[in-house]
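Presented below is the structure to which this report refers.
Small disclaimer: the values here were computed from a predicted structure and weren't measured.
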Amino acid sequence: MIIGVLTFSSLISNLLGQAPLKWILVCSGIWLIYIILLFITEKIQKHNLKNILQSMITIVFIFGLYRLLADLAFEVIPWNGDKLISSIDKFIFFGHSPVVYLSRFATPEIVELFSIAYGIFIPYLYFSIFLCLLGRPEDEKKIFITALTITYAISFLGYLFVPAKGPIVFMENEFSSPLSGGYFLGLVVDAINNAGGPHGAFPSLHIGASWVICFFDIRRGQLRGLLYIPLVLCIFLATMLLRYHYFIDLFAGFIIATFAVLISERIHEISFLKRPLIVIFFHFITRFYFSNIQVNRLYNFPKEMPVILISNHVNAFIDPFVIAVATGRPLKITAKASLWKNPLIRMAASLFGVIPISRSEDSKNKKYQLKNVSSFQTCFEGLDQNETICIFPEGKSHSESEMLPFKTGVARMALEYAQSSEKGNQVCILPVGLFYNCKSRFGSRAFVEIGQPIILSEWIKRNETEDYRLLTKNLEEKIGDLTPQAKTRKDLSLLIWLSEIYQRFKIEPVSVDYIYKFPENFIKVTQYLINNYYRLKHNPEIKRLKEDAELFKSELDKSGIRAEEVFLPMHFWKAVFFMFRELEILLLGSLLCTAGLILNIFPLTILIILVRFMSSDEDHWATNYIFYGIILMLFWCVGIALFSIFYSPWLLFLIPVSIFCGYFGSQYIQRLIRTLKRLKTFMRFLIQPWQQKQLIEKQTHIVNMLIEIEKKHI
């Protein structure tokens with residue numbers, strides 16, 4: 001498309017007598033060569049190799065066009081855009097130019113520092129393309145290349161139709177002195193001159209291309225995206241400080257890159273949840289603790305209906321936030337009224353609009369019903385607005401291996417709403433199962449299973465009753481089918497582990513880039529195994545399976561090897577690429593992580609002590625870490641703000657830096673742990689290949705036993 005536009009523009013300009021014929025021939029030749037190369041590569045049988053080569057050809061031609069536009073644009077287009085762009089900049093900043101303003105800080109040291117940031121853009125771009133072509137899944141590779149191509153294509157149209165050389169040429173007389181730096185400034189100047197001199201100011205491809213890469217990684221929850229946010233910000237400032245771009249150029253590059261990623265996802269039919277701001281905030285705070293929140297069967301969540309969402313309750317105050325993050329929908333949360341006795345909880349509950357619900361055991365007299373009248377009314381008003389009310393029928397959080405008996409409040413409230421509201425015939429109850437693989441451990445994973453919604457009016461017709469006890473029993477059964485349960489925690493842990501290796505048998509472990517996810521039918525298969533385990537508990541084969549599984553699990557735990565790593569491929573080049581990719585993240589990220597630890601060492605130390613003191617059960621750890629962490633961070637930010645009043649306003653910049661580096665540090669530590677564990681496993685298998693062979697045999701034996709038992713008895 002872009003080559004066609006260049007050719008057509010050259011033709012029109014030639015007919016008007018403004019551009020020589022050579023540009024038509026050059027553009028036509030480039031277009032012809034590009035088509036021929038694509039046609040040749042289309043004959044390649046290996047799909048992956050064909051995609052890599054076609055992507056590389058496209059990228060090479062894109063970069064080649066940048067140099068072409070250095071001369072072509074100013075000969076084909078009869079006007080210069082610098083004056084217009086400069087006037088827009090001054091209009092935005094009330095008559096002042098941000099480029100001229102930044103020149104006040106252009107000391108040789110600062111210029112040299114930002115020259116380094118400006119120059120790093122090239123290796124960042126090339127290295128990102130290299131990682132994409134070799135290390136990305138096929139669907140992500142297509143999205144990335146398409147987004148990068150769209151960014152360059154739109155930017156080239158800007159270069160062609162709004163030719164501009166930038167402030168360094170157009171505003172030369174407005175600067176009090178020329179830039180002075182050192183070796184790296186000289187490299188930047190030489191590189192610009194070799195590429196045809198200052199040109200293509202609008203929009204900024206330095207920002208466009210770097211933000212495409214960064215935003216693409218952020219959209220996929222990749223730590224690499226967070227790692228390079230500071231670099232993108234430095235490039236943003238460097239392009240103005242070095243006088244190559246106006247502010248509006250940078251803003252346009254940012255918008256184009258964002259659009260390119262989003263439209264590329266749409267082209268390749270990749271959709272993400274549209275999250276309200278409150279849900280984005282919940283995602284931010286929960287990622288401090290959890291490495292991954294996975295949701296299954298999100299399509300079961302009703303749209304544009306009043307929804308009463310019910311779930312098992314196993315992780316205190318964190319459960320509703322995990323559900324909100326998984327579903328991408330804001331919730332009206334309910335909680336037992338007795339929690340309001342704690343002033344901190346009361347303050348947090350008021351902030352998030354939590355609705356207090358009194359339980360029968362909290363009140364020994366008739367005031368129980370009276371207290372819930374206003375709470376029920378608040379819930380009804382929310383349902384009238386098609387909001388989602390989140391209720392935990394167990395009544396309290398716990399760490400038991402089985403669910404607690406359900407309270408009847410949910411059923412009574414739902415039936416009352418069905419009778420009293422105009423939307424009563426639309427209200428549905430949505431059962432949701434929650435499961436955490438190790439909720440007391442930093443970096444654990446959460447699993448959210450969404451069940452079939454229960455349309456209350458249809459339930460009443462089927463059962464010919466409005467008995468809240470029967471409805472409560474049905475709801476308890478629905479949630480029971482969505483979360484694994486066993487008679488003891490030891491049984492539950494072992495059977496969940498068996499379910500994992502059974503469902504992931506002979507599957508290679510995922511890269512540490514991509515958090516391990518539970519299979520989609522994980523809960524169903526796990527509960528299936530649990531039910532049959534108890535039914536056949538006294539069978540000799542079951543006893544032998546349990547003994548062998550416990551011994552194998554114990555051996556893996558002592559070795560620090562995860563069950564899914566048993567089939568880790570011992571491939572040399574894959575290992576080299578793994579180390580190459582991880583070193584980039586871990587070496588560069590160590591700087592941000594160290595900064596996060598230094599800037600937050602005081603609140604972090606208090607948080608660790610406080611959580612250890614306050615956490616008496618497994619379901620307290622995540623809640624205490626997240627909520628006390630927020631409170632301490634708020635106090636820490638207020639303290640920094642007070643210091644800035646008495647010392648220097650520049651200290652205020654420590655607030656966003658502390659939050660960002662602290663957040664990055666939490667993700668970095670989780671990534672570091674995963675990487676070191678994977679490396680340890682690889683080295684163990686490399687040095688002792690017989691050990692991997694033995695582990696494969698043992699795991700195969702256990703899975704075969706499961707299959708045989710299923711054939712005979714299930």
Side-chain angles (χ1 to χ4, degrees), residues 48 52 120-141 143-144 210 213-232 287-292 441-445 504 507-517 559-597 660-689 692:
N48 191 41
I52 290 176
I120 288 175
F121 163 76
I122 297 299
Y124 174 50
L125 175 63
Y126 289 167
F127 188 63
S128 299
I129 293 171
F130 168 75
L131 289 180
C132 171
L133 293 179
L134 295 184
R136 291 277 187 185
E138 197 61 36
D139 56 340
E140 291 193 6
K141 191 185 300 180
I143 296 170
F144 178 83
S210 58
I213 299 166
C214 195
F215 185 52
F216 176 81
D217 284 332
I218 291 172
R219 290 277 287 178
R220 274 138 198 86
Q222 298 292 302
L223 186 62
R224 193 172 188 268
L226 289 178
L227 173 63
Y228 282 105
I229 284 179
L231 176 62
V232 174
R287 279 301 298 268
F288 269 107
Y289 192 86
F290 299 103
S291 61
N292 177 256
R441 188 182 68 202
F442 179 73
S444 62
R445 304 188 300 272
R504 294 184 58 81
I507 296 176
E508 292 183 5
V510 294
S511 166
V512 293
D513 274 344
Y514 301 90
I515 304 299
Y516 160 72
K517 292 187 177 182
S559 304
I561 300 172
R562 295 182 62 87
E564 69 265 16
E565 290 181 331
V566 169
F567 290 93
L568 184 68
M570 303 305 293
H571 191 284
F572 175 76
W573 289 113
K574 284 185 177 180
V576 170
F577 185 77
F578 170 81
M579 289 301 302
F580 192 59
R581 183 185 57 208
E582 293 305 304
L583 281 174
E584 177 206 17
I585 304 294
L586 299 181
L587 290 179
L588 298 178
S590 63
L591 301 175
L592 287 178
C593 183
T594 303
L597 290 173
F660 173 79
C661 290
Y663 182 76
F664 177 86
S666 70
Q667 306 302 300
Y668 177 88
I669 291 171
Q670 293 179 32
R671 175 68 170 261
L672 178 63
I673 292 171
R674 293 198 302 270
T675 300
L676 292 178
K677 284 185 176 180
R678 182 63 57 82
L679 182 60
K680 178 184 175 183
T681 301
F682 183 85
M683 294 305 297
R684 182 187 292 271
F685 289 165
L686 183 66
I687 297 170
Q688 302 173 335
Q692 184 179 26

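Rounded to the nearest 0.5 angstrom, F577 CZ and L131 CG are separated by 5.0 Å. How far CD1 of I213 is from CZ of F144: 4.5 Å, rounded to the nearest 0.5 Å. Distance check: Q222 CD to R136 CZ gives 5.5 Å after rounding to the nearest 0.5 Å. Rounding to the nearest 0.5 angstrom, the gap separating the CG atom in L591 from the SG atom in C661 is 10.0 Å. Taken to the nearest 0.5 Å, the OG atom of S444 stands 5.0 Å off from the OH atom of Y289.
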Without placing hydrogens or testing angles, list every side-chain donor-acceptor pair under 3.5 Å for residues 679-687, not counting sequence neighbours.
residue: T681; atom: OG1; partner: E565; partner atom: OE1; Å: 3.0
residue: T681; atom: OG1; partner: K677; partner atom: O; Å: 3.0
residue: R684; atom: NH2; partner: S559; partner atom: O; Å: 3.4

Residues 578-586 side chain polar contacts: donor-acceptor under 3.5 Å, at least two apart:
residue: R581; atom: NE; partner: D513; partner atom: OD2; Å: 3.3
residue: R581; atom: NH2; partner: S511; partner atom: OG; Å: 3.1
residue: E582; atom: OE1; partner: R671; partner atom: NE; Å: 2.9
residue: E582; atom: OE1; partner: R671; partner atom: NH2; Å: 3.4
residue: E582; atom: OE1; partner: T675; partner atom: OG1; Å: 2.8
residue: E582; atom: OE2; partner: R671; partner atom: NH2; Å: 2.8
residue: E584; atom: OE1; partner: R224; partner atom: NE; Å: 3.1
residue: E584; atom: OE2; partner: R224; partner atom: NE; Å: 2.9
residue: E584; atom: OE2; partner: R224; partner atom: NH2; Å: 2.9
residue: E584; atom: OE2; partner: Y228; partner atom: OH; Å: 2.6

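For the pair S210 and L231, the minimum side-chain heavy-atom distance is 4.5 Å or more. Between L592 and F660 the shortest side-chain heavy-atom distance falls below 4.5 Å. Using a 4.5 Å cut-off on side-chain heavy atoms (C-beta onward), I507 and F567 make no contact. Looking at R219 and I143, their side chains never come closer than 4.5 Å, going by heavy atoms from C-beta outward. With a 4.5 Å cut-off on side-chain heavy atoms, C132 and F216 do not count as touching. Looking at L568 and I561, their side chains never come closer than 4.5 Å, going by heavy atoms from C-beta outward.
Of the possible donor and acceptor atoms, none in the side chain of Y668 sits under 3.5 Å from a partner among the backbone N and O of Y663. Of the possible donor and acceptor atoms, none in the side chain of Q667 sits under 3.5 Å from a partner among the backbone N and O of G221. Checked by atom type and distance alone, the side chain of K141 pairs as donor or acceptor with a backbone atom of L133 at under 3.5 Å. Between the Q692 side chain and the V566 main chain, a donor and an acceptor come within less than 3.5 Å of each other.
The side-chain contact (heavy atoms from CB on, under 4.5 Å) check on P137 picks up D139, E140, Y514, with sequence neighbours excluded. Here Y126 pairs with F63, I122 under the side-chain contact (heavy atoms from CB on, under 4.5 Å) rule; sequence neighbours left out. When the side-chain contact (heavy atoms from CB on, under 4.5 Å) test is applied to P123, no partner is found at least two apart in sequence or on another chain.
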- Task: Verify side-chain contact (heavy atoms from CB on, under 4.5 Å) between I229 and I218, making sure each step is shown before the conclusion.
- Result: CA-CA 9 Å; I229 284 179; I218 291 172; 3.7 Å; yes
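Listed by first then second residue, pairs satisfying salt bridge (Lys or Arg N to Asp or Glu O under 4.0 Å) with a partner in residues 587-597 number zero, not counting sequence neighbours.
Here the closest heavy-atom approach between residue C593 and residue G665 is recorded as SG-CA, 4.0 Å. Pairing each heavy atom of S291 with each of G443, the nearest pair is OG-O, 2.8 Å. Counting all heavy atoms, side chain and backbone alike, F288 lies closest to S666 at CD2-OG, 3.6 Å.
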